[in-house]
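Remember, it's 1-based here, ligands and their atoms both numbered in the order they're listed. The shown structure was predicted, so the numbers you read here are calculated from the model rather than taken from an experiment. FYI, the numbering just counts along the sequence from 1.
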Amino acid sequence: MSDTFRMLINGAFSAGTSSFEVINPATGQAFARCPKADETLLDAAVAAAKAAFPAWSALPVEQRAASIEAIAADLEVRASEFASLLTTEQGKPFDQAMGEVIGCTYVLRAFAGMRLEPKTLRTAAGNLVIEHRTPLGVVAAITPWNFPLVLLMNKLGPALISGNTMVLKPAPTTPLTTLLFGELCRAHLPAGVVNIICDENDLGAVLTAHPDVAKIAFTGSTATGKKVMASAAAMVKRVTLELGGNDAAIVLDDVDPKLVAGKVYAGAMTNAGQICVAVKRAYVPSAMYDDFCEEIARLANEAIVDDGAKQGTTVGPIQNKAQFDKVRGLIEDARTRGKIIAGGEVLDREGYFIPPTIVRDLPDDAPLVREEQFGPVLPVLKYDDIDDVIARANDSEFGLGGTIWGNDVAKATEIAKRIDTGTVWINQHLAIDPNIPFRGSKQSGLGGELGEAGLHEYTQAHIINAVELA
Ligand code: NAD
């Protein structure tokens, strides 16, 4: 079992005060040990980031950009090593892991190229008003286990280019790719600019409450996000929350149900459904309901469910046992209220495997429809009236994403305007781009990431308003 992973504190690797096992979800067995921080090491990491801030923020932006570019270049060279580790700790098929790693290089390079120039707001009558954007200080980045690397880059890119320093804390079930990434940070950044600590779900709250943390960039569940927000309130810290979702796919009546079933299937089952913006409920017109269900069930039955490290695997395991049990519970409930037309039984083997499962004829109040399943289980629901389906799609505490599938894009766009989520994709899915802002409405988040708006979240406006002395 590998015991070589190290945290990064003030430019030095740290074995921590203890360690814990990291499990390969494809086997259910531990394959590595992860070093663990205690509160003293957490303090040291924050202190290092605080000490590194003045010099890092004072560097010309081109130098910070060059460091980020160098990290991206190294990540590209080592992409297959990172992807292989990602598959082992997270479970996703290797090609999807490669997609995540390469996606990281796009995000880093996009932010390395972004600039926040001072904005002149007024020059009239001898009054010069300029808005500068200044960095915040130490940013704590707390990440979940579904996309441990790219969700980190969405924070690291904007935080570093705008002059902040960081303490990163990955999820305890997927800490290793973040620790490997620490090698690149150590090679290309001054000591203390990026620090990485690991925990067993016990240090997140300590980190968010730390008086020297200026901003918390959090991606995870809505339940934990609320705790983060409460913790930030004590010192009015800046906070970005990227939280859960229950995205609806609305299929319009002018499409070929077979074609769209394939696209909705991919949107629901990629990464075994463990995507914040996965399709989590599909609404299909009554007239094509049976055809759509038949086709999506056929696709689910064709999936190759296996260890993500095996070539040809299309659906890997659920990332951890707690999530596996939660998804199983939702399937058992759905079995009593609707009809399972594909999947439905966990695989009788080691690891946390649930095959793609399609459920039809569920009532709208079933937990599988109301809650975020975060697994490869899709309820397909029937509708007759467009106003009714829009109301049902919006009847959720979440408001992250959603998709509309229709041949008439203008009509789909009118429907999209009425969907209360941060993003609506039309005839495509997961078109996340570092240059396009991404954010949730309602309880799916606060603030946002990516794009210039995402960069602004790591800075504050600083207004200088000058007139001649009269
Ligand atoms: P989680 O909330 O359990 O954990 C996320 C992180 O928070 C982990 O690093 C965890 O250790 C840490 N944490 C735990 N308790 C904490 C506390 N009190 N204070 C601060 N940090 C604490 O989430 P998860 O189960 O790892 O991830 C799955 C969830 O993430 C899903 O709900 C999913 O929709 C959401 N998610 C959202 C987005 C988005 O962009 N909106 C993206 C990916 C995942």
Check the pair Phe13, Leu8 against side chain to side chain contact (heavy atoms under 4.5 Å, CB included), reporting the backbone distance first and the verdict last.
CA-CA 5 Å; Phe13 291 127; Leu8 182 65; 4.1 Å; yes
Criterion side-chain hydrogen bond (donor to acceptor under 3.5 Å, both in side chains) on Thr174 and Gln319, from CA distance to verdict
CA-CA 9 Å; Thr174 54; Gln319 200 280 319; 5.4 Å; no
Kindly say whether Ser14 contributes a backbone atom to a donor-acceptor pair with the side chain of Arg6 at under 3.5 angstrom?
no
Indicate the ring-plane relationship of Phe324 and Tyr352, choosing parallel, tilted or perpendicular according to the 30° and 60° boundaries.
tilted
Contacts table for residues 356-364: side-chain donor-acceptor under 3.5 angstrom, sequence neighbours left out:
| unit_1 | atom_1 | unit_2 | atom_2 | d |
| --- | --- | --- | --- | --- |
| Thr357 | OG1 | Gly344 | N | 2.9 |
| Thr357 | OG1 | Pro355 | O | 2.8 |
| Arg360 | NH1 | Asp290 | OD1 | 3.0 |
| Arg360 | NH2 | Asp290 | OD1 | 3.1 |
| Asp364 | OD1 | Arg392 | NH2 | 3.1 |
| Asp364 | OD2 | Arg392 | NE | 2.7 |

Just list the N/O pairs, ligand 1 to protein, that are under 3.5 Å apart, with the distance for each.
| unit_1 | atom_1 | unit_2 | atom_2 | d |
| --- | --- | --- | --- | --- |
| ligand 1 | 2 (O) | Ser221 | N | 2.9 |
| ligand 1 | 2 (O) | Ser221 | OG | 2.6 |
| ligand 1 | 2 (O) | Thr224 | OG1 | 2.8 |
| ligand 1 | 9 (O) | Thr143 | O | 2.8 |
| ligand 1 | 9 (O) | Lys169 | NZ | 3.1 |
| ligand 1 | 11 (O) | Lys169 | NZ | 2.9 |
| ligand 1 | 11 (O) | Asn201 | OD1 | 2.5 |
| ligand 1 | 19 (N) | Ala205 | N | 3.4 |
| ligand 1 | 23 (O) | Ser221 | N | 3.3 |
| ligand 1 | 25 (O) | Trp145 | NE1 | 2.9 |
| ligand 1 | 26 (O) | Trp145 | NE1 | 3.1 |
| ligand 1 | 30 (O) | Gly220 | O | 3.2 |
| ligand 1 | 32 (O) | Glu372 | OE1 | 2.7 |
| ligand 1 | 34 (O) | Glu372 | OE1 | 3.4 |
| ligand 1 | 34 (O) | Glu372 | OE2 | 2.6 |
| ligand 1 | 41 (N) | Leu243 | N | 3.1 |
| ligand 1 | 41 (N) | Leu243 | O | 2.7 |

Decide whether Lys226 and Gln443 meet the rule of one side-chain donor and one side-chain acceptor closer than 3.5 Å.
yes
